[in-house]
Amino acid sequence: MNKEEELEFIKQMQETVEIMKQDDIEDNPDSEFEEFQCDCCAKIAPTAGSVLYGDKHFCNDCVLYAEIAFGLGKAKTADEIITMMEDKRLEELCNYIKSEEKRTLN
């Protein structure tokens, strides 16, 4: 796949993943407000547009990263995506701990 084809693929994935999210909201409006902690990036995210890859639950943003990585041959499994996102996940967890510490001090 050349760069132009890769960019077109990424654009298609962005559109597809956004449609998935909107479809979920249309099918279940509560999914826009129901939250979970993403196994990939550790963000607290809406269930709308999220996907289970085996026992790993990815938020909509991480679904986009995963599908692009799968499509471009950069990863084959959800665990590989999680490893690729390790820095982001650790940063998110540290931010959560800091916010909890501030909350408990107030």
Side-chain angles (χ1 to χ4, degrees):
M1 198 179 287
N2 65 37
K3 288 291 181 192
E4 189 175 304
E5 291 170 328
E6 286 180 0
L7 290 174
E8 183 59 31
F9 173 74
I10 291 168
K11 182 180 176 188
Q12 289 174 343
M13 284 296 96
Q14 289 171 323
E15 292 170 4
T16 299
V17 170
E18 181 59 30
I19 289 168
M20 287 171 44
K21 180 179 178 180
Q22 294 307 316
D23 286 349
D24 283 355
I25 292 169
E26 193 174 297
D27 291 345
N28 177 11
D30 290 340
S31 68
E32 186 174 11
F33 307 104
E34 295 170 345
E35 296 180 328
F36 74 104
Q37 186 170 25
C38 178
D39 290 324
C40 187
C41 70
K43 282 191 313 189
I44 304 300
T47 59
S50 65
V51 171
L52 278 172
Y53 293 99
D55 64 342
K56 308 295 186 204
H57 197 178
F58 282 25
C59 70
N60 190 252
D61 291 341
C62 291
V63 169
L64 176 60
Y65 298 137
E67 292 303 321
I68 290 170
F70 296 150
L72 297 178
K74 306 287 184 188
K76 293 182 182 178
T77 68
D79 287 330
E80 288 179 68
I81 302 297
I82 290 170
T83 299
M84 295 165 110
M85 297 285 288
E86 184 175 4
D87 288 344
K88 172 113 174 89
R89 188 175 62 257
L90 291 174
E91 179 182 348
E92 189 66 33
L93 290 170
C94 288
N95 289 338
Y96 175 79
I97 291 167
K98 288 176 189 176
S99 69
E100 283 298 302
E101 287 175 348
K102 285 180 185 176
R103 190 179 67 77
T104 57
L105 291 175
N106 291 329

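Since this is a predicted model, take the numbers as computed values, not measurements.
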Point-to-point distance, once rounded to the nearest 0.5 Å, from [atom1] of [X] to [atom2] of [Y]:
{"X": "Met85", "Y": "Leu90", "atom1": "CE", "atom2": "CG", "result": "11.0 Å"}
{"X": "Asp87", "Y": "Arg89", "atom1": "CG", "atom2": "CZ", "result": "9.0 Å"}
{"X": "Lys21", "Y": "Thr47", "atom1": "NZ", "atom2": "OG1", "result": "10.5 Å"}
{"X": "Ile44", "Y": "Glu92", "atom1": "CD1", "atom2": "CD", "result": "8.0 Å"}

For residues 2-13, which side-chain N or O atoms pair as donor and acceptor with protein atoms under 3.5 Å away, sequence neighbours left out?
from, atom 1, to, atom 2, distance (Å)
Asn2, OD1, Glu4, N, 3.0
Asn2, OD1, Glu5, N, 2.8
Glu5, OE1, Asn2, N, 2.9

With hydrophobic residues grouped by side-chain heavy-atom distances under 4.5 Å, do Leu72 and Tyr53 end up in a single group?
->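 Linked, Leu72 and Tyr53 end up in one cluster.
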Val51 and Glu67, any side-chain heavy atoms less than 4.5 Å apart |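 They are not in side-chain contact.
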Lys56 versus Ile82: any side-chain heavy-atom pair under 4.5 Å?
-> yes
Regarding Glu26 and Gln22, is there a side-chain donor-to-acceptor distance under 3.5 Å anywhere?
-> no
I'd like a table of donor-acceptor pairs (distance under 3.5 Å, sequence neighbours excluded) in which one partner is a side-chain atom from residues 58-65, with atom names and distances.
from, atom 1, to, atom 2, distance (Å)
Asn60, ND2, Val17, O, 3.3
Asn60, ND2, Gly49, O, 3.1
Asp61, OD2, Lys43, NZ, 2.7

Which pairs would a plain distance check flag for residues 30-42, meaning a side-chain donor or acceptor within less than 3.5 Å of a matching protein atom at least two apart in sequence or in another chain?
from, atom 1, to, atom 2, distance (Å)
Ser31, OG, Asp24, O, 3.3
Ser31, OG, Asn28, O, 2.7
Gln37, NE2, Ala42, O, 3.1
Asp39, OD2, His57, N, 2.7

Which atom of Ala75 lies closest to which atom of Met84, heavy atoms considered |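 That would be CB-SD, 4.1 Å.
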